[in-house]
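To keep things clear, I will list the structure first and then write my remarks on it.
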Amino acid sequence: RPVFIKRSKIISAMRRFFDDKGWLEVETPILQPLYGGAAARPFITHHNTLDVDLYMRIALELYLKRLLVGGFEGVYEISKNFRNEGMDRSHNPEFTMMEIYVAYKDYNWMMDMTEELIKHIANEVNGKMEIQFDDLTIDLSDKFPREPFFGLIEQHTGKNLKGLSLEELKAAAKDLKVEIEPGASSSKVLDEIFGEFVEPKLIQPTFVIDYPLEMSPLAKKHRTEEGIVERFELFINGSEMANAFSELNDPRDQRARFEEQAKAKAGGDDEAMIRDEDFLQSLEIGMPPAAGLGIGIDRLVMLLTAQKSIRDVLFFPQMRP
């Protein structure tokens, strides 16, 4: 009971934080003709009257960006997403997500806002900045450090993977004894290596910044570094809490990224994104430069209530029959 009371307070505190800054809470479709906004497998359903297959959304992103095109300069949504993939202590096929997009901002601004948000909610809900997990203390009070993606991999594996080809990345994964599926893309290989060697070591709050372009098909290219995008993920207690970027708003660049994702899907990556012509048309109309952020609410609740399994923060988690 105390965990679920606190869950409600966490969501309310987040909502008040955004509302007080003048950003608008909106609702976007759960049933979509195309799924997008993340690398994940969707659930498929069928609409009898229209006689068409529809997908349950895997992310909120592409519809919220359409609202930026429509002239809403700060929008957010707290809602359910659905991903037809594995279950473990931090994954449930149905989960609660918050995504927010603010026009005329970038990922540096969004990092500052994210840190302010996390600290605000912790203080509102717990009245302190420390969280105790058995004999481990997570301290939210200090400035969250910012560490580059490839720098962290080199620090923990001794290998510089920046700019390597797919075959070179697979060879590096083999040397590191990381199992890679035969049809894996460069993005998947890098993700597996990072997940194996770096992620579990990010205990205290850390912004991992400047991801490779191939891992981030919706993020804007870095303003100074080739092959890098302006993206960050926030990790706390070895788990991803937030994902954000300076949003890609160039329709030609976005189309080229979707084409690369299509090649990855054809090569066997069933989590690669598909091309969304309606979204591309909205970018052609004109989307302002913007920063976007996604936070997994269930994982945030796990953190702030010191729970080790997602099942302990969901009233009705999905269970094996």
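Just so it is clear, the values below take in all heavy atoms, side chains as well, and ignore hydrogens, waters and symmetry mates.
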Take Glu77 and Thr28, measure what side chain to side chain donor-acceptor pair (under 3.5 Å) needs, and give me the verdict at the end. CA-CA 8 Å; Glu77 184 172 8; Thr28 60; 2.6 Å; yes
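- When side chains are defined from C-beta on, Asn84 does not count as touching Ile44, because their heavy atoms never get closer than 4.5 Å.
- Note on Glu179 versus Lys174: no salt bridge recorded, every NZ/NE/NH1/NH2 to OD/OE distance being 4.0 Å or above.
- The pair Arg223-Asp106 meets the salt-bridge criterion, since a charged nitrogen lies less than 4.0 angstrom from a carboxylate oxygen.
- Between the side chain of Asn92 and the backbone N or O of Ile310 there is no donor-acceptor pair closer than 3.5 Å.
- Between Ala38 and Ala59, the shortest heavy-atom contact is CB-CB, 4.0 Å.
- In this structure, the side chains of Leu280 and Phe258 come closer than 4.5 Å at one or more pairs of heavy atoms.
- Once rounded to the nearest 0.5 Å, the distance linking CZ of Arg89 with CG of Asp312 reads 11.5 Å.
- A salt bridge links Arg257 to Asp253: one of the charged nitrogens lies within less than 4.0 Å of a carboxylate oxygen.
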Take Asn126 and Lys6, measure what side chain to side chain donor-acceptor pair (under 3.5 Å) needs, and give me the verdict at the end. CA-CA 9 Å; Asn126 289 336; Lys6 202 169 273 191; 2.8 Å; yes
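- A donor-acceptor pair shorter than 3.5 Å cannot be found between the side chains of Glu147 and Thr206.
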Verify salt bridge (charged side-chain N to carboxylate O under 4.0 Å, His left out) between Glu225 and Lys162, making sure each step is shown before the conclusion. CA-CA 11 Å; Glu225 285 199 62; Lys162 191 172 181 181; 2.5 Å; yes
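- Here Lys201 contributes atom NZ and Gln155 contributes atom CD; the two are 9.5 Å apart, rounded to the nearest 0.5 Å.
- No more than 12 heavy atoms of other residues, nucleotides or ligands sit less than 6.0 Å from atom NZ of Lys221.
- For the atom pair Ile193 CD1 and Thr157 OG1, the distance stands at 7.5 Å (nearest 0.5 Å).
- Classification of Glu168 and Lys159 as a salt-bridged pair fails, no side-chain N sitting under 4.0 Å from a carboxylate O.
- Within 6.0 Å of NZ in Lys308 there are 12 or fewer heavy atoms belonging to other residues, nucleotides or ligands.
- Salt bridge Glu247/Lys220: absent, no basic N to carboxylate O contact under 4.0 Å.
- Expressed to the nearest 0.5 Å, how far NZ of Lys65 lies from CG of Asn249 amounts to 8.5 Å.
- More than 12 heavy atoms of other residues, nucleotides or ligands shown are found within 6.0 angstrom of CD on Gln132.
- Look at Asp112 and Lys143 and you find a salt bridge, because one of the NZ, NE, NH1 or NH2 atoms lies within 4.0 Å of a carboxylate O, short of that distance.
- Side chain of Gln261 to main chain of Ile274: no donor-acceptor pair is present (N/O by atom type, distance under 3.5 Å, no hydrogens or angles).
- With contacts defined as side-chain heavy-atom distances shorter than 4.5 Å, the pair Leu68/Ser282 does not qualify.
- Tracing side-chain contacts under 4.5 Å through hydrophobic residues (I, L, V, M, F, W, Y), one never reaches Ile295 starting from Tyr101; they form parts of separate clusters.
- Listed for the Glu27 side chain is no donor-acceptor partner under 3.5 Å among the backbone atoms of Ser79.
- The environment of Arg41 atom CZ is dense: over 12 non-hydrogen atoms of other residues, nucleotides or ligands sit within 6.0 angstrom.
- Between Phe194 and Phe149, the ring planes are parallel. Angles under 30° get that label, and only those over 60° would be called perpendicular.
- In this structure, Lys119 is positioned above the aromatic face of Phe144, its NZ or CZ under 6.0 Å from the six-membered ring centre and within 45° of the axis.
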Run Tyr107 and Asp210 through side chain to side chain donor-acceptor pair (under 3.5 Å) and show every step you take. CA-CA 10 Å; Tyr107 80 138; Asp210 298 348; 2.7 Å; yes
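- The side-chain heavy atoms of Ile138 and Ile203, taken from C-beta on, include a pair separated by under 4.5 Å.
- Annotation: side chain of Asp139 is in contact with side chain of Gln204 (closest heavy-atom distance under 4.5 Å).
- Using a cut-off of 4.0 Å between Lys/Arg side-chain N and Asp/Glu carboxylate O, Arg66 and Asp278 are scored as salt-bridged.
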For side-chain contact (heavy atoms from CB on, under 4.5 Å), just list the numbers for Leu234 and Ile118, CA-CA rounded to whole Å, side-chain angles, deciding distance to a tenth of an Å, and then say yes or no. CA-CA 10 Å; Leu234 173 62; Ile118 298 294; 4.1 Å; yes
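- No side-chain heavy atom of Ile58 sits under 4.5 Å from any side-chain heavy atom of Phe82.
- Salt-bridge annotation for Glu124 and Arg16: present, with a side-chain N of the basic residue lying under 4.0 Å from a carboxylate O of the acidic one.
- Here Tyr55 and Phe43 keep their ring centres 6.0 angstrom or further from each other.
- Counting heavy atoms from C-beta on, the side chains of Leu303 and Met241 come closer than 4.5 Å.
- Judged as a side chain to side chain donor-acceptor pair (under 3.5 Å), the pairs with a partner in residues 293-305 (not counting sequence neighbours) are, in order, Arg7-Asp298, His91-Arg299.
- Taking the six-membered ring for Trp and the full ring otherwise, the centers of Phe197 and His156 sit at least 6.0 Å from each other.
- The number of heavy-atom neighbours closer than 6.0 Å to CD of Glu284, taken from other residues, nucleotides and ligands shown, is above 12.
- Ala244 approaches Met110 most closely through the heavy-atom pair CB-CG, 4.1 Å.
- Counted by atom type alone, Asp53 and His47 present zero donor-acceptor pairs between their side chains at under 3.5 Å.
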Between Thr224 and His222, does a side chain to side chain donor-acceptor pair (under 3.5 Å) hold up when you go through it step by step? CA-CA 6 Å; Thr224 59; His222 197 280; 3.2 Å; yes
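- Expressed to the nearest 0.5 Å, how far CD of Glu260 lies from CG of Leu213 amounts to 9.0 Å.
- With hydrogens and angles ignored, the 3.5 Å screen pairs no side-chain donor or acceptor of Glu199 with any backbone N or O of Glu196.
- Taking CD1 of Ile11 as the start and CE of Met98 as the end, the distance is 11.5 Å to the nearest 0.5 Å.
- Between Glu259 and Arg275 there is a salt bridge, with a side-chain nitrogen of the basic residue lying less than 4.0 Å from a carboxylate oxygen of the acidic one.
- Checking side-chain atoms of Asp134 against main-chain N and O of Leu136 turns up no donor-acceptor pair under 3.5 Å.
- Under the 6.0 Å cut-off for aromatic ring centres, Phe4 and Phe315 qualify, their centroids lying closer than that.
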Between Arg311 and Phe316, does a side-chain contact (heavy atoms from CB on, under 4.5 Å) hold up when you go through it step by step? CA-CA 8 Å; Arg311 286 188 286 188; Phe316 304 105; over 6 Å; no
From CA spacing to verdict: side-chain contact (heavy atoms from CB on, under 4.5 Å), Phe232, Asn243: CA-CA 6 Å; Phe232 73 80; Asn243 183 28; over 6 Å; no
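- Between Phe17 and Glu116 there is a side-chain heavy-atom pair separated by less than 4.5 Å.
- Between the side chains of Glu61 and Tyr63, no donor-acceptor pair is found at a separation under 3.5 Å.
- A salt bridge between Glu233 and Arg231 is present, with a side-chain N of the basic residue lying under 4.0 Å from a carboxylate O of the acidic one.
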Tell me, with the steps shown, if Ile228 and Tyr211 meet side-chain contact (heavy atoms from CB on, under 4.5 Å). CA-CA 6 Å; Ile228 300 295; Tyr211 278 68; over 6 Å; no
